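Position 1 is the first residue of the sequence, and the numbers go up from there. Everything quoted here is computed from the prediction, not taken from an experiment.
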Amino acid sequence: MNGFKDFWNHYKGAIIGIVIAVLILITRLQDLILAAVVIILGALIGNYVQQNKDFVKTKLKSFIDKM
């Protein structure tokens with residue numbers, strides 16, 4: 001019994017993480033999570049471009065000129 005208790009205390013986080021990952025895969029929540037991440041990244045990139053218009057404009061122009 002002491003061995004199991006030590007095992008549980010040492011690997012508790014990993015076991016809980018595996019259980020949560022399996023539940024996400026079973027319920028197909030990964031599609032929803034991926035969509036939310038893409039939406040948030042799009043919002044962050046749009047905000048960055050809006051706040052740094054001149055810098056982004058010059059970087060894009062230099063990138064296009066290289067092509």
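Once rounded to the nearest 0.5 Å, the distance linking OG1 of T58 with CG of D65 reads 11.0 Å. A distance of 9.0 Å separates CZ in R28 from CG in L25, rounded to the nearest 0.5 Å. Note that CD1 of I40 is 12.0 Å distant from CD1 of I45, once rounded to the nearest 0.5 Å.
Using bins of under 30°, 30° to 60° and over 60° for the plane-to-plane angle, the ring pair F7/Y11 lands in the tilted bin.
Exactly one of I16, V22, I18, L23 qualifies for a side chain to side chain contact (heavy atoms under 4.5 Å, CB included) with I20. That residue is I16.
Under a 3.5 Å cut-off, the side chain of N47 and the backbone N or O of A43 do not form any donor-acceptor pair.
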